[in-house]
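The residues of the chain are indexed from 1 along the displayed sequence. Heavy-atom basis, side chains included; hydrogens, waters and symmetry copies ignored. For ligands, and for the atoms within them, numbers begin at 1 and follow the listed sequence. Predicted model only: the values in this text are computed from it and were never measured.
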Amino acid sequence: MNEFRYKDGALCAEDVPLSLLATELGTPLYVYSYTALAENYRAFDSALAAASQKRLVCYAMKACPTLGVLSALVQLGAGVDTVSAGEIQRARAAGVAPDKIVFSGVGKRADEIAYALEGGLRCFNVESEPELELIAEVAARMKLRAPISVRVNPDVDAATHPYISTGLKANKFGVPVGRARALYRRAQALHSVRIVGLDCHIGSQLTQTRPFTDAIERLIELVEQLREDGIGLESLDLGGGLGIGYEPGASIPSPADYGAAIGKALAPLVALDLTIICEPGRVLVGSAGILLCRTLYVKDGEDKTFVIVDAGMNDLMRPALYDAHHEIIPVEQREQRPFVADVVGPVCETGDFFAHDRTLSQVPLAGDLMAVMSAGAYGFSMSSTYNSRPRAAEVMVRDTRWDVIRDRETMLDLTRGERRPSFI
Ligand code: LLP
């Protein structure tokens with residue numbers, strides 16, 4: 001259910017007009033709907049419940065790690081998939097129980113491994129042979145046993161943008177499925193590690209269920225080989241990756257479709273009573289957030305019209321980085337009259353655009369507010385201060401209530417921690 005809807009021609013987040021938020025808090029502004037987050041979480045969790053008796057949704061918090069968003073999901077029951085000590089710190093601050101924290105990523109440093117072990121975690125998702133050795137070494141030094149899963153790379157084509165495809169053998173992620181058995185044997189021989197599971201994540205913004213079920217088939221073969229070696233598992237982590245519909249009418253499997261597909265694919269493992277872990281990011285927060293911006297100028301170019309807004313690629317870099325599509329809709333509706341333009345930001349790069357040759361639903365005017373839709377995932381989290389632009393504020397809405405969950409950065413924040421060298 002979309003929680004960003006028009007009421008009497010005014011776009012609202014739940015029951016709060018976006019124009020009110022823009023007046024109170026300024027733009028650019030990230031706006032999240034609590035109800036949308038909760039609905040997305042419940043839809044995914046119940047889809048997973050249909051696939052497996054024992055389950056754990058570990059929110060891939062890189063999608064949107066802001067404490068307000070994270071805490072909302074944690075309170076609803078989510079664990080987290082983390083990829084740095086910084087994310088683990090945030091997870092702890094949001095009150096995530098240690099046994100609901102998994103730690104993924106190809107480049108875990110020794111200090112990050114120690115940090116994770118100190119506070120406790122459900123498992124490391126080990127991505128290479130040398131990483132296993134380092135985890136074992138750090139854990140031995142701390143006189144602990146590190147819980148581990150091996151992230152395998154099943155070599156399946158996720159059929160998504162090449163930058164966010166992770167399960168092909170050409171990608172840096174995971175241990176090649178053919179070498180995983182040997183790595184598990186090695187792990188078995190290490191006293192300071194404890195094998196708890198098997199993991200894979202094949203990519204992001206997947207628009208079909210087939211790559212997930214292909215990956216599961218490969219994992220099942222490996223689970224059988226491990227059983228032959230006397231290695232039992234507690235959990236199977238299927239990663240994240242389920243896509244969302246950025247364009248109207250896009251046909252994307254729903255969480256229920258996903259749950260049904262993986263449930264069927266996992267049938268051969270039912271007797272093992274594994275906990276099935278998923279690491280969704282986008283599907284939980286993507287549609288629950290928008291980027292609100294204001295039109296600065298409508299500029300007639302030689303060949304096209306540019307609608308210049310006050311948010312840029314530093315606020316939302318998905319279009320620049322992946323040529324990603326985001327719907328852009330007016331906050332105050334006027335007479336509907338199609339108008340074709342490029343919607344661009346103020347940053348000094350041609351790559352700073354939100355849409356090329358987009359048909360807007362009405363003629364834009366300077367001062368108009370615009371909503372860039374489905375910006376909740378990988379929106380704020382990938383934002384930067386490029387061009388020395390302070391990062392946007394974030395606000396969460398629930399019914400008629402709203403709370404700022406992250407202050408807008410100030411000019412002073414921009415130079416915080418910087419200094420002139422003593423020798424100039
Ligand atoms: N698990 C692992 C190990 C991951 O690396 C990721 C995402 C996820 C789970 C969550 O994937 P999701 O459910 O959100 O698809 N910046 C890109 C997406 C990068 C995804 C990185 N890894 C974008 O804006 O499309």
Side-chain angles (χ1 to χ4, degrees), residues 37 40-41 43-45 47-48 56-65 69-70 73 78-84 87 91 101-108 122-128 131 149-154 158-168 171-175 197-209 211-212 215 236-246 252-253 255 258 262 277-289 291 313 315-326 354 372 374-384:
L37 275 179
N40 291 346
Y41 178 79
F44 193 91
D45 188 51
L48 192 56
L56 178 62
V57 175
C58 284
Y59 168 50
M61 58 182 281
K62 62 172 79 68
C64 186
V69 170
L70 185 58
L73 289 167
V80 285
D81 168 52
T82 62
V83 289
S84 66
E87 286 197 346
I101 300 177
V102 301
F103 187 8
S104 307
V106 292
K108 303 177 190 77
R122 185 179 186 100
C123 69
F124 292 95
N125 288 333
V126 175
E127 303 226 12
S128 66
E131 184 193 323
S149 290
V150 173
R151 174 173 175 182
V152 299
N153 182 326
T160 182
H161 190 285
Y163 288 7
I164 54 175
S165 175
T166 54
L168 281 171
N171 303 138
K172 68 179 174 181
F173 298 96
V175 175
L198 170 60
D199 167 50
C200 89
H201 168 75
I202 57 174
S204 197
Q205 184 55 16
L206 271 70
T207 56
Q208 300 156 23
T209 54
F212 291 115
L236 185 61
D237 182 339
L238 303 175
L242 184 59
I244 61 169
Y246 284 102
I252 310 280
Y258 169 83
I262 64 166
I277 301 176
C278 283
E279 303 169 353
R282 189 187 319 265
V283 74
L284 299 186
V285 296
S287 66
L291 173 61
M313 65 189 285
D315 298 299
L316 174 66
M317 72 182 302
R318 302 194 67 258
L321 195 55
Y322 317 113
D323 207 12
H325 180 102
H326 286 266
F354 290 142
V372 183
S374 299
Y378 308 107
F380 187 89
S381 66
M382 293 175 78
S383 69
S384 74

Enquirer: Counting only heavy atoms closer than 4.0 Å, does ligand 1 sit against the backbone of Tyr163, its side chain, both, or neither?
Expert: neither
Enquirer: If we only consider heavy atoms of Asp81, is any one of them less than 4.0 Å away from an atom in ligand 1?
Expert: yes
Enquirer: First locate atom OH of Tyr322, then atom CD of Gln205, and finally report the distance between them rounded to the nearest 0.5 Å.
Expert: 11.0 Å
Enquirer: What are the atoms of ligand 1, with element, lying closer than 4.0 Å to any heavy atom of Glu279?
Expert: 1 (N), 2 (C), 3 (C), 8 (C), 9 (C), 10 (C), 13 (O)
Enquirer: Answer side chain, backbone, both or neither: which part of Ser204 comes under 4.0 Å from ligand 1, heavy atoms only.
Expert: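 The answer is both.
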Enquirer: Which of the atoms of ligand 1 are close to Arg151, meaning less than 4.0 Å from one of its heavy atoms?
Expert: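 That gives atoms 3 (C) of ligand 1.
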Enquirer: Under 4.0 angstrom from ligand 1, any heavy atom of Pro280?
Expert: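 For ligand 1, residue contact (heavy atoms, under 4.0 Å) with Pro280 is present.
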Enquirer: Does Gly239 have a non-hydrogen atom less than 4.0 Å from ligand 1?
Expert: no
Enquirer: Taking 4.0 angstrom as the limit and counting only heavy atoms of Gly240, give me the atoms of ligand 1 inside it, by number and element.
Expert: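 Reading through ligand 1 atom by atom, the close ones are 9 (C), 13 (O).
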Enquirer: Please determine if Lys108 forms a cation-pi arrangement with Phe124, meaning its NZ or CZ atom is less than 6.0 Å from the six-membered ring centre and no more than 45° off the ring axis.
Expert: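 Here Lys108 fails the 6.0 Å and 45° test against Phe124.
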Enquirer: Which of the atoms of ligand 1 are close to Ala60, meaning less than 4.0 Å from one of its heavy atoms?
Expert: 8 (C), 9 (C), 10 (C)
Enquirer: For this output row, return yes or no: ring centroids of Phe44 and Tyr258 closer than 6.0 angstrom.
Expert: yes
Enquirer: With a cut-off of 4.0 Å, which atoms of ligand 1 are near a heavy atom of Gly241?
Expert: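 The atoms of ligand 1 under 4.0 Å from a heavy atom of Gly241 are 11 (O), 12 (P), 13 (O), 15 (O).
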Enquirer: So, 4.0 Å and heavy atoms of His161: is ligand 1 close enough to count as a contact?
Expert: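 No heavy atom of His161 comes that close to ligand 1.
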Enquirer: Using a strict 4.0 Å threshold on nitrogen-to-oxygen distance, state whether Lys62 and Asp81 make a salt bridge.
Expert: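 Between Asp81 and Lys62 there is a salt bridge, with a charged N closer than 4.0 Å to a carboxylate O.
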Enquirer: Out of Met382, Arg318, His201, whose heavy atom is nearest to atom 8 (C) of ligand 1?
Expert: His201
